[in-house]
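The structure appears right after this line, and notes come after that.
Since this is a predicted model, take the numbers as computed values, not measurements. In what follows, chains are A, B, ... by sequence order, proteins preceding strands, each numbered from 1.
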There are 2 protein chains.
Amino acid sequence: MARTQGSRAEITGPAIREAARRLFARHGFAAVSMRQIAAEVGVQAGALYAYTPDKQALLADLLRGHMEELLGAWQDDPARPPLDRLQSFLRFHIRTSLEHPEAVFLSYMELRSLTPENHRQIADLRRRYEDALEAILIAGQAQGSMSVPDTRLTAMALISMLTGVTNWYREGGRLDRDKVVAVYWDLVRGAVGA
Amino acid sequence: MARTQGSRAEITGPAIREAARRLFARHGFAAVSMRQIAAEVGVQAGALYAYTPDKQALLADLLRGHMEELLGAWQDDPARPPLDRLQSFLRFHIRTSLEHPEAVFLSYMELRSLTPENHRQIADLRRRYEDALEAILIAGQAQGSMSVPDTRLTAMALISMLTGVTNWYREGGRLDRDKVVAVYWDLVRGAVGA
DNA sequence: GTCTATACATTGATAGAC
DNA sequence: GTCTATCAATGTATAGAC
């Protein structure tokens, strides 16, 4: 079957997602037009609709994809000491935040731009991620190696703190990844009273 | 001097700022139209332009107003023990975040929607606020009552954590203000190694 | 699969009457 | 100070040719 002239589906699909992710993260969902995304990819606006039913679905797919990848990649072992698990979570979250800053920032900030239906779905996924962290805090508190009176609030606070990395981290800046992890681990370890 | 028919400048001015603040915070700057703001206030869209030259100036004024109020209200005394100063900062920031959640959220999130000129100005104000916190950490580290190897990064991390309150706090929810302050103080005190 | 062309709604902002 | 009316620009999305 001959390829249609100008057809480059294998690259255009991912390119659209990539451009949308970058532009949405930088300027906000509502501030970015389909024309801008198309221009970034190098196609006309109409061509985007061969890949997504509409702009809302494009955002929802980006967020869902990121959250599912996050949840799929996170490996926890309840048998390990809670402090070790906490450190692993921190490494995992910061590494992800530095490798995919746009996706992390977007999933944290643009929930509000989703339709109620999509919002429920993505918020559920995020909730599971928060639960993964809280489970570690609960174990640490129960076992006595941490002092965490309010595990829910502490989980939210820690995630806010860690995700904040995407606000100030600049590639090639003052700090490399390991240094960032080290500083944050000191903060987190102290915060949970270990 | 007789009032023009229908003129209610004393209420309309603040009402516009209030409506814009709420709508911008909830849906994002770009997602909100001048017509929506006007409808919320109870006037026609054209009337808004008697109070602001354009939409961008409306946002910039909101952010500048908030940051200046914040900086003006913050009272610090370098002579006090650093840990006391840190606790005061925390109380101040959380109290503000719970009393004006939209303004705090907006100033944290919509810097990206400002023109370069406005951005520079507001980012400067925010920088001064971050510096106010870092000054406390530097004093604590120097004096030995805190362990803060990287004061800049720690200041950014703490502000991210504290500002995150606006993401989950709900009026009349599980926790009252004093309880929130207490939990966060435990976290922060531990994080700075005190 | 992509393009050109276009329908149609909505946007920010202005002009002039009251 | 506010309203009505309106403009030019831009938005999302679709139709039909290739």
Relative to B/Tyr49, does B/Lys55 satisfy both conditions: NZ or CZ under 6.0 angstrom from the six-membered ring centre, and within 45 degrees of the ring's axis?
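No, B/Lys55 does not lie over the aromatic ring of B/Tyr49.
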For the residue pair B/Phe24 and B/Phe29, does the interplanar ring angle fall in the parallel (under 30°), tilted (30 to 60°) or perpendicular (over 60°) class?
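Perpendicular, since the angle between the ring planes exceeds 60°.
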Plane angle bin for A/Phe89 and A/Trp74 - parallel if under 30°, tilted between 30 and 60°, otherwise perpendicular:
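A/Trp74 and A/Phe89: perpendicular rings.
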Side-chain donor-acceptor contact under 3.5 Å, B/Gln143 with B/Ser145
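Note: B/Gln143 and B/Ser145 side chains meet the donor-acceptor criterion.
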Can you identify which nucleotide, out of [options], has its nearest atom closest to the [X] side chain?
X       : options               : answer
B/Ala47 : D/dC3, C/dC3, C/dG12  : D/dC3
A/Tyr49 : D/dT12, D/dC3, C/dA13 : D/dT12
B/Met34 : D/dT12, C/dC3, C/dA13 : C/dA13
B/Ala50 : D/dA13, C/dG1, D/dT2  : D/dT2
B/Gln36 : C/dT11, C/dC3, D/dC3  : C/dT11
B/Tyr51 : D/dT2, C/dG12, C/dT4  : D/dT2

Got a donor-acceptor pair under 3.5 Å from the side chain of A/Arg35 to the base of D/dT10?
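For A/Arg35, whose side chain was compared with the base of D/dT10, there is no donor-acceptor pair (under 3.5 Å).
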Figure out the [atom1]/[atom2] separation between [X] and [N], and round it to whole Å.
X       : N      : atom1 : atom2 : value
B/Leu48 : D/dG1  : CG    : P     : 13 Å
A/Leu58 : D/dA13 : CG    : P     : 10 Å
A/Ile37 : D/dA13 : CD1   : P     : 10 Å
B/Asp54 : C/dT14 : CG    : P     : 8 Å
A/Gln44 : D/dA15 : CD    : P     : 18 Å

Phosphate OP1/OP2 of C/dT2: any A/Thr12 side-chain N/O under 4.0 Å
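Yes, A/Thr12 has a side-chain N/O under 4.0 Å of OP1/OP2 on C/dT2.
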When you check the phosphate oxygens OP1 and OP2 of D/dG11, does a side-chain N or O of A/Ser33 lie under 4.0 Å from one of them?
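So the side-chain polar atoms of A/Ser33 do come within 4.0 Å of the phosphate oxygens OP1 or OP2 of D/dG11, strictly under.
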Mind checking what makes side chain to side chain contact (heavy atoms under 4.5 Å, CB included) contact with B/Gln141, not counting sequence neighbours?
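B/Gln141 satisfies side chain to side chain contact (heavy atoms under 4.5 Å, CB included) with B/Val148 only.
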Name the nucleic acid region contacted by B/Val32, choosing base, sugar-phosphate or nothing; use a 4.0 angstrom heavy-atom cut-off, strictly under.
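If one applies the 4.0 Å heavy-atom cut-off, B/Val32 turns out to touch the sugar-phosphate alone, with no base involved.
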